[in-house]
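Being a predicted model, the structure only gives us computed values, none of them experimental. Note that the numbering runs from 1 along the sequence shown for the chain. Quick note: numbers below take in every heavy atom, side chains included, and nothing from hydrogens, waters or symmetry partners.
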Amino acid sequence: MSVQQHDYEERHIEKRHDPSRVAATFIKYLAYVIITFGVLYFLARYLIPMF
């Protein structure tokens, strides 16, 4: 009987949490939401009453 040896590579993966990237992404999507509501407000306030 032969004994087989296997070499295994051990990896440690660290998931880093970068608060500045999270904050920047939050600000970006908040700006999208504000712009969207701004356009909807403009449409409801000025353009729709014209018809």
Side-chain angles (χ1 to χ4, degrees):
M1 281 189 139
S2 66
V3 176
Q4 294 180 354
Q5 291 183 345
H6 296 284
D7 293 327
Y8 292 103
E9 181 179 342
E10 190 171 322
R11 293 185 187 182
H12 296 282
I13 300 173
E14 294 181 18
K15 188 171 185 180
R16 295 185 180 174
H17 182 71
D18 189 5
S20 64
R21 287 187 67 182
V22 173
T25 304
F26 175 74
I27 291 170
K28 180 175 69 171
Y29 286 115
L30 182 64
Y32 291 160
V33 169
I34 290 172
I35 290 170
T36 301
F37 280 118
V39 169
L40 290 174
Y41 177 79
F42 173 77
L43 289 174
R45 185 77 176 172
Y46 297 105
L47 289 183
I48 293 176
M50 296 173 99
F51 294 110

(request) Could you grab the distance from atom CD1 of Ile35 to atom CG of Leu40, nearest 0.5 Å is fine? (result) 12.0 Å
(request) Taking all non-hydrogen atoms of both residues into account, name the closest pair between Ala44 and Pro49 and its distance. (result) O-CD, 3.5 Å
(request) Check whether any side-chain heavy atom of Thr25 lies under 4.5 Å from a side-chain heavy atom of Tyr29, and answer yes or no. (result) yes
(request) Decide whether Tyr46 and Val39 are clustered together by the hydrophobic rule: side chain heavy atoms of Ile, Leu, Val, Met, Phe, Trp, Tyr closer than 4.5 Å, transitively. (result) yes
(message) Could you tell me if His12 and Glu10 have a donor-acceptor pair between their side chains, going purely by distance under 3.5 Å?
(response) yes
